[in-house]
Amino acid sequence: MGATGIPVIRRLIVIGAILTASAAGCSQSTEPVSDGLPVEVTLANLSVPVLAASNDRIFTSSFVDSGSRALDSRSLSGDLRWTTAVPACPAGIRCTLAVDGSSNLYLNTVAGLMSRSGSTGALRWTLKDVVAPAIAIGSAGRLYAPGMPFSATQLMHAVDVNSGAILWSSILPPNFDATAALLDEARAVVYAIGRGAVTALDTQTGAIKWITSRNCFAGSDGALASDGTIYVTCDSNGSSALIAYDPGGTAKWETNLGTNAGTLSPLIDGNGLVYVANVNSLTALNKDGSVAWRLAGLFRNVTHPVIDSDHNVYISASRISNISGRYLISVNNGQIVETKGLFPCGGSLLLNSSGRLYCAEVALLIYMQTAGADQLAQWSQLSHDSNRTGRR
């Protein structure tokens with residue numbers, strides 16, 4: 001950050017093809033058409049930020065000290081609009097930051113689940129008894145969030161997004177440890193995801209419709225297809241897998257992803273192909289669970305991937321085991337089509353509705369234009385885009 005408070009913006013060298021206005025495959029519907037070279041914005045706080053995006057803003061949340069973090073609102077080009085201090089993230093679970101269609105923000109803090117105005121950063125409300133490892137925002141003024149996992153009793157909550165009032169709370173199964181939430185508004189069901197299993201709850205009453213049981217490690221993520229299929233990751237000793245459940249809770253198939261764990265949030269493209277990565281691979285699965293292709297030989301692939309409408313999957317990984325750095329890599333149909341540079345992207349990758357890709361690293365926000373926006377994707381990562389707020 002410069003002395004005047006204006007972010008320092010630098011141009012980066014791209015390894016491989018350079019994205020320009022005339023780049024092959026560039027979507028005419030993408031705004032802006034091209035950013036040219038990737039742009040690096042220096043942030044004031046020396047940590048990896050969590051990201052969220054509305055149609056015209058990018059929001060970052062960065063560690064300041066043991067008790068607080070900075071919540072920033074920026075233009076899509078990284079210019080600071082406002083900043084405010086918020087309480088630190090709860091210990092033992094990942095920081096969450098989500099944004100709704102009105103650009104209101106929702107984040108988990110040690111003070112409880114909090115909502116802030118996206119326009120000013122002003123506090124809207126705090127639920128001090130709700131510590132949410134995941135947030136799914138509906139289109140009818142509700143959000144859904146599990147409470148603290150690894151506790152004696154974990155609750156699932158429905159919350160009015162305007163007032164912060166809890167509309168209902170339901171007890172999840174013992175030792176379920178939900179770490180993700182998915183919302184199927186067409187079927188009026190919200191799913192809590194934990195340890196490779198699913199609990200389905202009625203969105204209006206919180207009544208449990210059905211429960212599955214698995215014995216995976218804690219930390220499962222999930223994705224929801226347009227046909228109602230729920231895809232859930234499962235890490236266990238020395239292996240990882242993706243499990244598909246139908247809307248009634250019956251397991252359709254389970255596909256092994258290899259002998260390494262660290263499975264990341266799944267993605268679904270407009271054709272229903274499912275992409276799921278772990279620390280050493282990226283795999284594309286057909287709807288029946290068969291492997292369409294697998295890119296193996298990755299190292300330190302620990303950042304949740306994103307996908308654009310041209311089926312380019314963006315990951316942050318290395319292809320060499322003894323090099324500590326990681327590269328931003330674009331993969332299409334199992335082939336590496338571009339290596340965009342030595343961008344660690346240790347915190348987040350985010351693709352907004354205009355097709356602009358954001359990459360977060362320690363004190364850095366990096367952005368560039370992709371070949372296509374993600375409107376055709378059924379799912380984008382971790383509910384961070386206001387157009388993909390944990391629901392289908």
Side-chain angles (χ1 to χ4, degrees), residues 48-52 59 61 63 69 71 86-100 105-116 126-138 142-159 161 164 166 168-183 190-201 206 211 214 216-224 230-235 261-266 302-304 347-348 350 379-385 388-391:
V48 178
V50 180
L51 304 181
F59 301 97
S61 175
F63 175 87
R69 53 182 165 148
L71 181 64
V86 296
C89 299
I93 61 175
R94 68 185 176 201
C95 289
T96 57
L97 180 62
V99 58
D100 65 19
L105 297 166
Y106 306 89
L107 56 155
N108 62 348
T109 76
V110 292
L113 178 62
M114 179 178 291
S115 179
R116 294 263 174 177
T126 301
L127 282 175
K128 65 181 181 65
D129 295 324
V130 178
V131 182
I135 300 168
I137 305 172
R142 290 188 177 192
L143 68 78
Y144 301 86
M148 185 69 181
F150 322 117
S151 55
T153 301
Q154 187 183 24
L155 300 175
M156 186 73 176
H157 304 282
V159 179
V161 299
I166 295 178
W168 54 254
S169 297
S170 292
I171 298 175
L172 293 173
N175 304 311
F176 189 82
D177 297 325
T179 51
L182 304 172
L183 177 58
V190 61
Y191 300 105
I193 308 297
R195 296 186 180 274
V198 181
T199 298
L201 304 98
I211 301 168
R214 293 280 168 165
C216 307
F217 291 162
S220 289
D221 274 305
L224 184 61
I230 309 112
Y231 297 102
V232 180
T233 65
C234 173
D235 285 343
T263 314
L264 302 168
S265 184
V302 295
T303 303
H304 297 286
S348 299
L350 186 151
W379 181 258
S380 77
Q381 89 289 7
L382 295 177
S383 310
H384 291 172
D385 184 336
R388 307 287 181 187
T389 49
R391 67 176 189 271

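This structure is a prediction, so every number in the text was calculated from the model and none was measured.
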Would you compute the distance between atom [atom1] of [X] and atom [atom2] of [Y] and round it to the nearest 0.5 angstrom?
X: Leu127; Y: Met114; atom1: CG; atom2: CE; result: 10.0 Å
X: Arg116; Y: Leu107; atom1: CZ; atom2: CG; result: 7.5 Å
X: Phe217; Y: Thr263; atom1: CZ; atom2: OG1; result: 10.5 Å
X: Ile137; Y: Tyr144; atom1: CD1; atom2: OH; result: 11.5 Å
X: Thr179; Y: Ile193; atom1: OG1; atom2: CD1; result: 8.5 Å
X: Ser115; Y: Leu105; atom1: OG; atom2: CG; result: 7.0 Å

Using only atom types and a distance under 3.5 Å, with no angle test, would you say the side chain of [X] pairs donor to acceptor with the backbone of [Y]?
X: Arg195; Y: Ala178; answer: no
X: Thr109; Y: Cys89; answer: no
X: Ser220; Y: Thr233; answer: yes
X: Asp177; Y: Pro149; answer: no

Of all the heavy-atom pairs spanning [X] and [Y], show the shortest one and how long it is.
X: Pro146; Y: His157; value: C-CD2, 4.5 Å
X: Val131; Y: Pro90; value: CG1-CG, 3.3 Å
X: Ala197; Y: Arg214; value: CB-N, 3.8 Å
X: Leu183; Y: Gly138; value: CD2-CA, 3.4 Å
X: Ala192; Y: Leu172; value: CB-CD2, 4.0 Å
X: Tyr191; Y: Met156; value: O-CE, 4.5 Å

Close side-chain approach of [X] and [Y], heavy atoms under 4.5 Å:
X: Ile135; Y: Asn108; result: no
X: Val159; Y: Tyr106; result: no
X: His304; Y: Asp221; result: yes
X: Thr199; Y: Pro173; result: yes
X: Leu182; Y: Val198; result: no

With side chain to side chain contact (heavy atoms under 4.5 Å, CB included) as the test, would you mind laying out the steps for Thr96 and Leu113 before giving the verdict?
CA-CA 10 Å; Thr96 57; Leu113 178 62; 5.7 Å; no

Using side chain to side chain contact (heavy atoms under 4.5 Å, CB included), reason through Val130 and Ile166 one step at a time and then give a plain yes or no.
CA-CA 10 Å; Val130 178; Ile166 295 178; 4.0 Å; yes

